[in-house]
K.L.:
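First the structure, which I've put down as structure tokens, then a few questions once you've had a look.
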Amino acid sequence: MAESKLSGTVLLPKTSFAMRGQMARQEPLRLEAWARRDVYAKLRAARKNAPAFYLHDGPPYANGNIHIGHALNKILKDIVVRYKFSRGFDAPYLPGWDCHGLPIELKALEGRPGGDKLSIRKACRAYAEKYLSIQREEFKRLGILGEFENPYVTMNPAYQAGILEGLANLVERGFIARAEKPVLWCARCRTALADAEVEYEEDETPAITVKFPVDGESKTFLLIWTTTPWTLPANLAVAVNPEARYVRAKVGGETWIVAESRAGVSGVPAGAEAETLKGSDLTSLTYRHPFAARTGRVFPAGFVTLDAGTGLVHIAPGHGDEDFQLGRKVGLPTFCPVDAAGKLTADAGEFAGRSVFDANPAIIDKLESSGSLVKHEKMTHSYPHCWRCKKPVIFRATPQWFLKVDHEDLRKKMLAAISRIRWVPAAGEKRIAGMVESRPDWCISRQRAWGVPIPAVHCESCGKAHLRPDVIRNLAGRCSADPAGADVWFSDSPSAFLPAGWTCPDCGGAKFRREEDILDVWFDSGMSHVAALEKRYGVWPADLYLEGSDQHRGWFQLSLLVAIALKGHAPFRQVLTHGFVMDGEGRKMSKSIGNVVTPQEIVQQHGADVLRLWAASCDYSGDVRLGPAILAETVDTYRRIRNTIRFLLGVLFDFEPRMAIPAPDLDPIDRYLLGRLVVLTRECLAGYDDYDFSAVSRRLRNFCAEDLSGFYLDVLKDRLYCDAADSKRRRSSQTVLWTACEQILQLITPILPFTADEAMESWNRPDLATAEIRPPQVAPDEELEQVFGHLLRVRKDVNLKIEECRKSGQIGGSLDARVSIRTAGDEGSALRMFESSLPEILIVSSVELSNSAGDRDIRVGRVSGEKCERCWKYVPARIAAPPGLICARCAGVLDSAPGQA
RNA sequence: CGGCGUGUGGCUGAACGGUAAAAGCGCCGUCCUGAUAAGGCGGUGGGGAAGUUUCCCGCGUGCGUUCGACUCGCACCGCGCCGACCA
């Protein structure tokens with residue numbers, strides 16, 4: 001057993017860094033250690049006077065467990081934050097949560113339909129708190145670094161105060177106005193409904209075609225069609241498609257105007273004499289309302305289609321969204337003669353007092369008797385119903401608070417600001433600009449319970465609503481002081497917030513009712529740059545916003561809107577967006593398909609670092625994919641990187657910086673690798689700076705696989721294992737390996753913080769965790785790179801020949817090989833320069849080099865001689881050095897250090 | 001239906017308008033057993049003649065611009081995000 005004794009003289013890698021990390025189990029322990037050491041605070045302290053980089057967090061909604069999209073988003077953010085720290089920035093990360101809003105209110109309401117506003121709000125708060133805690137733990141488990149113990153929370157009184165202060169400033173500047181807008185309304189529940197609160201069911205309704213007499217032309221009528229006769233009392237106009245073809249058809253002594261393609265179904269007999277014209281030809285006409293004493297006009301509207309009805313659309317701005325939009329565009333009032341109970345009001349004339357659905361037959365009768373009714377049919381179609389009481393809902397205009405997008409040129413200023421922001425990817429600019437251009441005024445009020453109140457007061461005598469900055473600020477002040485926060489608006493009387501003795505400036509009234517509406521949740525989160533970032537850090541604007549691409553319409557836009565209105569500047573300098581997570585085939589993840597991948601299961605199975613590596617590997621500029629195959633690949637990549645680190649740590653077990661060889665004295669192959677390392681670092685830093693993390697992770701993986709495992713480390717094994725421990729050759733390599741290990745650990749830290757930390761711990765290098773990354777300071781050596789270019793090409797071809805030899809059974813391992821190379825030119829001189837190192841570089845036992853007149857020629861055969869029992873190379877003659885027969889080099893090593901091991 | 005994106009081998013993904021399938025992974029074969037639940041080396045798109053040397057087709061589909069198109073333009077299809085779904 002001579003060999004086993006000789007094995008003891010070989011310097012094999014030694015490390016406590018395990019080959020398999022068991023990350024799912026190890027990471028939680030590491031998290032505890034981070035919490036104990038408070039690494040986030042340490043990092044911040046280490047960068048106390050450094051330039052800062054503020055990534056401002058977009059608050060997730062505190063509802064449900066986190067999904068893979070949350071994980072992608074937070075991991076990308078954490079990579080940025082950790083990278084910025086490693087480049088010497090102070091990069092605070094203040095996570096936030098969005099807590100108000102309908103989904104939570106609906107959840108909290110489940111199983112407890114009753115309750116007053118304050119008790120509903122209490123239940124909502126408890127619900128949001130619960131999920132905030134759950135999500136916080138889930139985010140922390142991913143290794144996200146930040147102020148998780150003191151996040152910004154939109155339902156916290158201090159934040160609510162921030163929202164209100166912002167609102168007060170907007171009111172003061174004249175951005176907030178009250179106007180009517182149609183909303184989905186349940187007459188039974190007497191409340192506005194959100195889109196999420198309606199369900200569509202098949203319903204039977206009347207469908208009538210009605211004649212509107214044209215002004216100034218006798219016996220000429222516009223034919224309109226509707227399924228909601230009760231909206232006719234609110235009719236103020238008719239819309240036509242300006243591009244469509246219409247006809248004036250002669251029908252029994254009358255002229256009916258209708259879309260050409262709809263004439264038949266609208267009651268025009270086939271073959272009727274007809275004159276065709278364009279929709280735009282109709283837009284100057286006026287008509288008399290069929291039963292109300294007023295006239296209306298015909299307007300062009302792109303939304304008019306010809307797949308139903310007559311091609312002429314009855315417009316009631318108080319009862320339909322498109323009607324409302326058109327009405328606003330052309331200056332029609334928002335006429336809504338329907339009250340909260342769904343009853344027609346006095347403005348509806350003879351139909352006053354009837355509920356809208358009862359009014360239908362009465363109105364049809366009236367039209368019938370006045371000869372205005374052309375057709376009366378029944379129709380079934382899907383119609384919205386209240387999800388609660390299951391009754392059909394109506395569209396009804398009610399007063400709402402708006403933020404005026406064109407006040408003080410806000411829209412123009414937004415567009416100007418958009419062009420000055422760095423959008424990553426660049427397409428984001430076009431996307432958000434298009435949305436801003438076409439966005440309507442922002443309706444900021446919601447008729448719900450769970451949110452920040454809009455502290456307006458209504459005069460009891462004249463009904464006028466007053467939204468006053470001083471009242472808002474009073475409430476803000478109360479919020480800051482009272483743990484109940486904005487609840488005080490609902491628990492206290494409105495006069496408590498008014499100046500003493502204040503009376504209604506319109507009518508002198510002294511009694512006031514409080515506004516019950518709350519703010520849209522987008523107002524909450526859109527204010528975060530002041531209510532969180534600026535309040536907490538005194539910093540404004542943020543350097544970076546980083547969210548999913550859906551936020552172009554959401555958070556990015558509304559934050560921008562609020563910021564430009566308040567401050568005239570964008571709240572961010574750069575905006576980065578990522579796509580959505582699809583399954584392995586690029587399909588949307590859905591429960592019904594069963595292709596949902598959760599971050600929880602990946603973390604549990606493979607650890608957070610694998611999930612982070614996946615996030616870092618994908619090209620997030622579009623949608624990204626995640627499925628079993630992709631996950632398996634990520635796991636393999638992780639292992640490759642991990643094992644390379646493990647080997648580096650292993651071969652550095654007996655090295656310390658004091659043993660380092662000065663740069664000029666390094667062995668050429670070590671200098672070569674150092675050069676590669678410089679390139680690696682530069683490219684990785686450039687990748688990080690461009691937010692191209694997939695380039696970074698690919699570059700790191702390739703470096704580990706190709707430069708290190710495939711070449712450098714493989715070549716080095718002989719000298720690291722078999723040379724004398726403190727030989728210059730060995731120390732030279734270790735000098736560079738040391739640097740390589742440092743660099744790699746620092747470069748992977750943003751992506752694989754758990755693994756990097758584990759390695760630093762095993763290496764006893766806690767200093768690396770807070771150190772800045774710097775490329776090794778070495779001058780590029782082009783000559784050396786060229787020479788190694790030649791060597792690597794030759795090596796490739798030698799390997800091909802070796803493989804042939806192996807296939808034919810002549811040799812097994814490459815050390816069984818003897819290589820002869822005939823070559824010339826630059827390659828020849830490069831090889832000659834390294835002649836004595838060629839066996840090592842090629843990992844063979846002997847190399848003969850000769851000049852070639854023509855093409856390069858490589859031959860490989862079985863080496864003769866005897867195998868050294870220590871280093872396994874073949875030599876002409878072995879030396880007897882108990883316990884075995886070894887080569888001269890090995891004998892020398894054992895002589896100088898007999899106890900080596 | 002509209003706006004904005006996106007589409008390259010089994011997977012992740014490269015490619016100034018100029019030789020496509022870079023590189024990696026996976027897979028297959030093989031060596032090693034001193035990185036060992038590791039590591040090295042080699043091979044690996046489809047179809048057709050054919051056989052170790054050539055030829056044809058292949059960057060979602062189809063047109064177009066060009067001497068030349070993965071790259072530019074148009075249309076269509078698939079997928080995704082955001083909206084509009086109505087009188």
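The structure presented is a predicted model; accordingly, all values stated were derived computationally and were not measured. Residue numbers start from 1 in every chain, and the chains themselves are labelled A, B, ... in the order their sequence lines are given, proteins ahead of strands.
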K.L.:
Examine distances only and state if a side-chain atom of A/R870 and a backbone atom of A/I886 form a donor-acceptor pair shorter than 3.5 Å.
P.N.:
no
K.L.:
Of the nucleotides B/A38, B/U12, B/G80, which has the atom closest to the A/R625 side chain?
P.N.:
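Closest of the options to the side chain of A/R625: B/U12.
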K.L.:
Please give the distance between the C1' atoms of B/A84 and B/G73 as a whole number of Å.
P.N.:
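Approximately 29 Å lies between the C1' atom of B/A84 and that of B/G73.
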K.L.:
Phosphate oxygens OP1/OP2 of B/G42: is one of them under 4.0 Å from a side-chain N or O of A/K796?
P.N.:
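Affirmative; the distance criterion is met.
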K.L.:
Taking atom P of B/A38 as reference, at what distance in whole Å does atom CG of A/L648 sit?
P.N.:
17 Å
K.L.:
Of the nucleotides B/G42, B/G5, B/G39, which one has an atom closest to the side chain of A/D714?
P.N.:
B/G39
K.L.:
I'd like the P distance from B/U8 over to B/C57, given in whole Å.
P.N.:
22 Å
K.L.:
Please name the nucleotide paired to B/C79 by Watson-Crick or G-U wobble geometry with both distances under 3.5 Å, or report none.
P.N.:
B/G5
K.L.:
Nearest to the A/I630 side chain among B/G5, B/G80, B/C11, which nucleotide is it?
P.N.:
B/C11
K.L.:
Whether the A/R698 and A/S617 side chains hold a donor-acceptor pair (N or O, under 3.5 Å, no angle test) is what I'd like checked.
P.N.:
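Distance-only check fails for A/R698 and A/S617.
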K.L.:
Can you sort out the partners of A/H606 under ring-ring contact (aromatic ring centres under 6.0 Å, His included), two or more places apart, ordered by chain and number?
P.N.:
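Result, ring-ring contact (aromatic ring centres under 6.0 Å, His included) vs A/H606: none returned.
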K.L.:
Do A/N595 and A/E585 have side-chain atoms, one donor and one acceptor, less than 3.5 Å apart?
P.N.:
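The criterion, which ignores hydrogens and geometry beyond distance, is not satisfied for A/E585 and A/N595.
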K.L.:
Expressed as a whole number of angstroms, how long is the span from A/E585:CD to B/C11:C1'?
P.N.:
11 Å
K.L.:
Determine whether the side chains of A/D520 and A/W442 contain a donor N or O and an acceptor N or O closer than 3.5 Å.
P.N.:
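Result is yes, a qualifying pair exists.
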K.L.:
Can you tell me, in whole Å, how much space there is between the C1' of B/A50 and that of B/C56?
P.N.:
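B/A50 and B/C56 have their C1' atoms separated by 13 Å.
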K.L.:
Of all the choices, B/G39, B/C82, B/G34, which nucleotide is nearest to the side chain of A/K717 once you look at every atom?
P.N.:
B/G39
K.L.:
Between B/G24 and B/U44, how far is it from one P atom to the other, in whole Å?
P.N.:
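Going atom to atom, P in each nucleotide, I get 13 Å.
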K.L.:
Closer than 4.0 Å, any side-chain N/O of A/K588 to the OP1 or OP2 of B/C79?
P.N.:
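No, outside the criterion.
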K.L.:
Counting side-chain heavy atoms from CB outward, which of B/C41, B/A35, B/G80 is closest to A/D623?
P.N.:
B/G80
K.L.:
Here's one to test your reading of the geometry: is the NZ or CZ of A/R642 within 45 degrees of the ring axis of A/F17 and under 6.0 Å from its centre?
P.N.:
yes
K.L.:
Using the side-chain heavy atoms of A/R646, tell me which of these nucleotides is nearest: B/G43, B/U36, B/G34.
P.N.:
B/U36
K.L.:
Along nucleotides 20-32 of chain B, 5' to 3', which nucleotides get a B, which get an S, and which get a -, given that the test is a protein heavy-atom distance under 4.0 Å?
P.N.:
---SBSS--BSSS
K.L.:
Within the distance-only criterion (no hydrogens, no angle test), does the side chain of A/D690 pair as donor or acceptor with the backbone N or O of A/D692 below 3.5 angstrom?
P.N.:
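No; zero donor-acceptor contacts below 3.5 Å.
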